[in-house]
Amino acid sequence: MPNVTTHSFTNCSAQAVALAERVAAQLREAIAARGTAVIAVSGGSTPKDFFARLSREALDWAQVTVTLVDERWVPDTDARSNAKLVETTLLQNAARAARFVPLYTGTPTPDAGLAEAEARIAALPAPFDVVVLGMGEDGHTASFFPGGDRLAEALDPQGTAKVLPMQAPGAGEPRITLTLPVLLDTRALYLLVSGEKKRDLLADVRLGLADAKNYPVRAVVKQDRVPLAVYWCP
């Protein structure tokens with residue numbers, strides 16, 4: 001059985017505090033050991049409290065690079081931009097000193113910006129120190145959406161692409177995403193989720209129920225490359 005641990009909290013504020021303290025400790029350890037640290041994070045509404053808490057943690061933020069696990073193909077002036085979320089909630093307070101590497105490049109389409117986005121990720125130290133994923137109620141994580149036009153390629157554990165464009169019925173805008181091999185090339189992997197529906201979905205995935213085989217998050221839960229810590233709140 002893959003190494004999955006679940007940390008459940010009675011409220012989402014406690015979840016945010018616990019994960020922020022844990023991640024901050026790992027970033028400090030990385031800086032002490034290697035001089036730098038890299039963290040890749042998700043967008044959406046769930047990580048807002050976590051980002052706000054993490055932004056106040058005392059560590060050498062000037063040595064930290066922050067990037068995204070995926071992005072909607074919109075500029076950071078757009079309310080749906082993951083970059084905007086990170087810039088306004090995480091890259092504040094002490095964390096203002098961190099370096100940010102966005103995935104959106106300003107080209108008309110993700111395909112047109114793919115080479116530049118790939119180069120940005122390839123230039124980062126590997127493995128990452130921390131990856132924090134989220135999950136939708138449709139079982140997507142990063143931009144691994146059910147029905148995604150590049151889903152099989154993005155989830156290929158032997159794939160060589162670091163970044164891929166993604167379009168899917170439930171994705172809204174065209175997107176760009178780090179691939180599964182890149183996300184799993186990390187020293188610490190987290191899945192930050194809230195709500196009973198998502199808790200139950202993850203339980204179905206872990207039990208291997210037939211319906212759960214169509215949830216892309218299964219590729220993260222069932223892999224045995226890196227331990228996964230699930231942080232859940234109601």
Side-chain angles (χ1 to χ4, degrees), residues 38-44 46-47 65-76 78 80-86 100-193 205 212-226 228:
V38 181
I39 176 173
V41 298
S42 299
T46 303
T65 298
V66 179
T67 193
L68 290 162
V69 304
D70 72 322
E71 179 62 281
R72 299 175 178 90
W73 205 250
V74 295
D76 66 0
D78 191 297
R80 286 173 57 78
S81 163
N82 288 342
K84 180 173 185 174
L85 173 68
V86 168
F100 180 50
V101 177
L103 295 177
Y104 177 76
T105 66
T107 58
T109 65
D111 294 84
L114 187 60
E116 171 61 24
E118 177 102 7
R120 291 178 185 179
I121 297 303
L124 297 177
F128 291 159
D129 295 293
V130 177
V131 169
V132 181
L133 297 171
M135 186 186 73
E137 292 186 351
D138 60 355
H140 86 267
T141 189
S143 282
F144 307 152
F145 281 86
D149 61 347
R150 307 286 289 272
L151 181 61
E153 187 179 356
L155 294 180
D156 182 357
Q158 306 305 321
T160 57
K162 294 184 181 298
V163 182
L164 285 174
M166 190 72 67
Q167 296 192 59
E173 303 90 342
R175 299 194 180 213
I176 193 164
T177 186
L178 303 190
T179 60
L180 181 66
V182 173
L183 294 177
L184 299 184
D185 190 18
T186 181
R187 294 181 174 90
L189 180 64
Y190 297 96
L191 186 58
L192 181 64
V193 291
V205 170
K213 293 181 179 178
N214 296 321
Y215 295 134
V217 73
R218 181 177 183 273
V220 174
V221 174
K222 292 293 188 178
Q223 56 80 31
D224 57 8
R225 179 171 175 176
V226 59
L228 173 67

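Any value given below was found using the heavy atoms of this structure, including those in side chains, with hydrogens, waters and symmetry copies removed. Since the model is a prediction, treat every value here as computed from it, not as a measurement.
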> Just by modelled atom types, is the Val163 backbone N or O under 3.5 Å from a matching donor or acceptor in the Glu118 side chain?
Replying inline: yes
>> Side chains of Leu189 and Gln223, heavy atoms from C-beta outward: is any pair under 4.5 Å?
In response: yes
>> To check you understand the geometry: which heavy-atom pair defines the closest contact between Ser42 and Pro47, and what is its length?
In response: O-CG, 3.7 Å
>> Return the CE to CD distance between Met166 and Glu153, rounded to the nearest 0.5 Å.
In response: 8.0 Å
> Between Asp185 and Arg225, is any pair of side-chain heavy atoms under 4.5 Å apart?
Replying inline: yes
>> In the structure I gave you, are the side-chain heavy atoms of Tyr104 and Val74 within less than 4.5 Å of one another anywhere?
In response: no
>> Would you compute the distance between atom CG of Leu124 and atom CD1 of Ile39 and round it to the nearest 0.5 angstrom?
In response: 12.5 Å
>> Val220 and side chain to side chain contact (heavy atoms under 4.5 Å, CB included): which single residue from Thr141, Val226, Val205 fits?
In response: Thr141
> Name the one of Leu183, Val217, Asp70 that satisfies side chain to side chain contact (heavy atoms under 4.5 Å, CB included) with Phe144?
Replying inline: Leu183
>> Please give me the minimum heavy-atom distance between Thr67 and Phe100, naming the atom from each residue.
In response: CA-CE1, 4.3 Å
> For Pro181 and Gly159, which heavy atoms make the closest approach, and how far apart are they?
Replying inline: CG-O, 3.8 Å
> Are Asp111 and Leu114 close enough that some pair of their side-chain heavy atoms sits under 4.5 Å apart?
Replying inline: no
> For Pro216 and Asp138, which heavy atoms make the closest approach, and how far apart are they?
Replying inline: CD-O, 4.4 Å
>> On a heavy-atom basis, which atom in Arg175 and which in Arg80 lie closest, and how many Å separate them?
In response: NH2-NH2, 4.2 Å
> When rounded to the nearest 0.5 angstrom, what is the spacing between OG1 in Thr65 and CZ in Phe128?
Replying inline: 10.0 Å
>> Against Leu103, only a single residue in Val69, Leu178, Asn82 fulfils side chain to side chain contact (heavy atoms under 4.5 Å, CB included); can you say which?
In response: Leu178
> Is there a side chain to side chain contact (heavy atoms under 4.5 Å, CB included) between Arg72 and Asp78 once you walk through the steps?
Replying inline: CA-CA 10 Å; Arg72 299 175 178 90; Asp78 191 297; over 6 Å; no
> Looking at CZ of Arg150 and OG of Ser143, how far apart are the two atoms once the value is rounded to the nearest 0.5 Å?
Replying inline: 13.0 Å
> Distance-only, no hydrogens or angles: does the Thr177 side chain make a donor-acceptor pair with backbone N or O of Ala142 under 3.5 Å?
Replying inline: no
> Any ion pair linking Asp129 and Arg187 (charged N to carboxylate O, less than 4.0 Å)?
Replying inline: yes
>> Using a 3.5 Å distance criterion without hydrogens, assess whether the side chain of Asp149 forms a donor-acceptor pair with backbone atoms of Gln167.
In response: yes
>> When you measure from the side chain of Glu71 to the backbone of Pro102, do you find a donor-acceptor pair of N or O atoms at a distance under 3.5 Å?
In response: no
>> I want to check something: taking the side chain as every heavy atom from C-beta on, are Val41 and Leu68 in contact at a cut-off of under 4.5 Å?
In response: yes
>> Would Thr46 and Met135 count as a side chain to side chain contact (heavy atoms under 4.5 Å, CB included) here? Give the steps.
In response: CA-CA 9 Å; Thr46 303; Met135 186 186 73; over 6 Å; no
> Closest heavy-atom contact between Phe145 and Ala168?
Replying inline: CB-CB, 3.5 Å
>> One pair to check against side chain to side chain contact (heavy atoms under 4.5 Å, CB included): Thr186 and Val38. What are the steps and the verdict?
In response: CA-CA 9 Å; Thr186 181; Val38 181; over 6 Å; no
